[in-house]
Amino acid sequence: MSVTAADLQQTVRLTVATLGGVLDVNWEAKAGPLEWTCWETTEHIADNFFFHGAQLAPGTPSTEKMVPFAWARHRPGGPGLVIFADRKAGPEGLVRVVDACGGLMVAMLRNASPDARAYDAGVLDPEGFAAMTVAETLLHMDDVAKGLGLTWEPPAELAGKVLDRFFPDAPRETDRWTTLLWASGRGELEGHERPTEWQYALSGL
């Protein structure tokens, strides 16, 4: 099952709807097991949308190196990002940045040639970029949800597509979201030892 622009659009809409419903909580809380705050992790989600789309954007994308944007950290230990939300705009503004960057990535996927290839931790086709972006969003939203005290359980089909693309050796008969959390070292899966290290299986992309 390939990951499509429609899957990413669904992911963006779920993300925006979930975050938009909790604008009055403590966004400076730690995001789950991360050392980043919920605000910083949400900025990272927006940054992923923008940065992944930008790799496909040049007329001739590079298969050897990423587009050389200058990135920065707003504090020691914080995420290195290209995209930051204006703090003066508050959480509502932060969610709008996520929505805007997500829309840009969706549009890029819809217009990219299936034959396009670009570099980001490996050479990826548009479907590979879609899969990685969906994966990163689902998993980092779990971090944010833990920090903000939210329930985050994305559709099984989305989690299943990510597993098919990046974790081909993961169990097939188990709950898809629970299995994705396990495969990425974020949760337990009955009958299976929790991974201490993990990475996306990029071979064949």
Side-chain angles (χ1 to χ4, degrees), residues 2-23 27 31-32 34 36-58 61-62 66-74 78-87 89 91-113 116-122 124-145 147-148 150 152 154-155 158-159 161-162 165-166 180 184 200 202 205:
S2 63
V3 183
T4 66
D7 293 320
L8 181 59
Q9 183 177 53
Q10 181 184 16
T11 302
V12 173
R13 287 176 175 172
L14 288 170
T15 298
V16 169
T18 300
L19 297 177
V22 289
L23 299 177
W27 286 78
L34 304 181
W36 302 343
T37 67
C38 291
W39 180 287
E40 290 170 335
T41 307
T42 302
E43 283 182 323
H44 177 65
I45 291 172
D47 191 79
N48 277 337
F49 290 149
F50 172 82
F51 195 78
H52 289 173
Q55 306 316 306
L56 290 167
S62 173
M66 295 178 285
V67 178
F69 293 104
W71 57 271
R73 300 183 195 274
H74 276 188
L81 304 174
V82 174
I83 297 296
F84 294 92
D86 184 352
R87 290 273 180 167
E92 182 179 1
L94 174 61
V95 175
R96 288 186 65 196
V97 170
V98 170
D99 198 6
C101 291
L104 290 172
M105 180 58 176
V106 170
M108 183 58 62
L109 290 173
R110 285 179 171 159
N111 287 281
S113 167
R117 299 291 185 273
Y119 183 83
D120 188 328
L124 299 168
D125 60 7
E127 194 270 342
F129 273 100
M132 181 170 286
T133 309
V134 169
E136 287 288 299
T137 307
L138 298 184
L139 294 172
H140 280 307
M141 273 298 294
D142 183 67
D143 299 326
V144 173
L148 296 182
L150 303 176
W152 171 253
L158 286 177
K161 286 187 174 186
V162 170
R165 181 77 191 212
F166 290 130
L180 180 57
S184 60
Y200 295 123
L202 297 180
L205 298 182

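For reference, positions follow the sequence shown, starting with 1.
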With sequence neighbours left out, write down each residue that passes side-chain contact (heavy atoms from CB on, under 4.5 Å) with Ala85, or none if nothing qualifies.
Trp39, Glu43, Leu94, Val97
When rounded to the nearest 0.5 angstrom, what distance separates OG in Ser62 from CG in Asp120?
11.0 Å
Shortest non-hydrogen separation from Trp152 to Leu138 and the atoms involved:
NE1-O, 3.1 Å
What residues, two or more places apart in sequence or in another chain, satisfy salt bridge (charged side-chain N to carboxylate O under 4.0 Å, His left out) together with Asp99?
none
Could you pull out the closest heavy-atom pair between Ser2 and Asp7, with the gap in Å?
O-OD2, 3.7 Å
With a 4.5 Å heavy-atom cut-off, do Leu150 and Met141 have their side chains touching?
no
Residues which pass side-chain hydrogen bond (donor to acceptor under 3.5 Å, both in side chains) with Arg73, listed by chain and number, not counting sequence neighbours:
none
Considering residues at least two apart in sequence or located in another chain, which fulfil the side-chain contact (heavy atoms from CB on, under 4.5 Å) criterion with Ala159?
Arg176, Trp177, Leu180
Set of side-chain hydrogen bond (donor to acceptor under 3.5 Å, both in side chains) partners for Gln9, sequence neighbours left out:
Arg110
For the residue pair Asp143 and Trp36, establish whether any side-chain heavy-atom pair is separated by less than 4.5 Å.
no
My understanding is that only residues two or more places apart in sequence, or in another chain, count here; which of them pass side-chain contact (heavy atoms from CB on, under 4.5 Å) with Arg96?
none
Taking C-beta and beyond as the side chain, do Lys161 and Val134 meet within less than 4.5 Å on heavy atoms?
no
Quick one: does Thr137's side chain get under 4.5 Å of Pro154's, heavy atoms only?
no
Which heavy atom in Leu109 sits nearest to a heavy atom in Ala5, and how many Å separate them?
CB-CB, 3.9 Å
Can you see which heavy atom on Pro155 is nearest to which on Leu14, and at what distance?
CD-CD1, 3.5 Å
What pairs with Arg13 under salt bridge (charged side-chain N to carboxylate O under 4.0 Å, His left out), at least two apart in sequence or on another chain?
none
Donor-acceptor list for residues 45-58 side chains, cut-off 3.5 Å, not counting sequence neighbours:
{"residue": "Asp47", "atom": "OD1", "partner": "Val82", "partner atom": "N", "Å": "2.7"}
{"residue": "Asp47", "atom": "OD1", "partner": "Ile83", "partner atom": "N", "Å": "2.7"}
{"residue": "Asn48", "atom": "ND2", "partner": "His44", "partner atom": "NE2", "Å": "3.4"}
{"residue": "His52", "atom": "ND1", "partner": "Thr133", "partner atom": "OG1", "Å": "2.8"}
{"residue": "Gln55", "atom": "OE1", "partner": "Val67", "partner atom": "N", "Å": "2.8"}
{"residue": "Gln55", "atom": "NE2", "partner": "Phe51", "partner atom": "O", "Å": "2.9"}

Correct closest heavy-atom pair for Ala116 and Pro126 would be O-CD, 3.2 Å
List the steps, then state whether side chain to side chain contact (heavy atoms under 4.5 Å, CB included) holds for Val16 with Val98.
CA-CA 7 Å; Val16 169; Val98 170; 4.3 Å; yes
Residue list, side-chain contact (heavy atoms from CB on, under 4.5 Å) with Leu23, at least two apart or on another chain:
Pro91, Glu92, Val95
For Thr18, give me all partners under side-chain hydrogen bond (donor to acceptor under 3.5 Å, both in side chains), at least two apart in sequence or on another chain.
none
Pairing residues for Glu40 by the salt bridge (charged side-chain N to carboxylate O under 4.0 Å, His left out) criterion, not counting sequence neighbours
Arg75
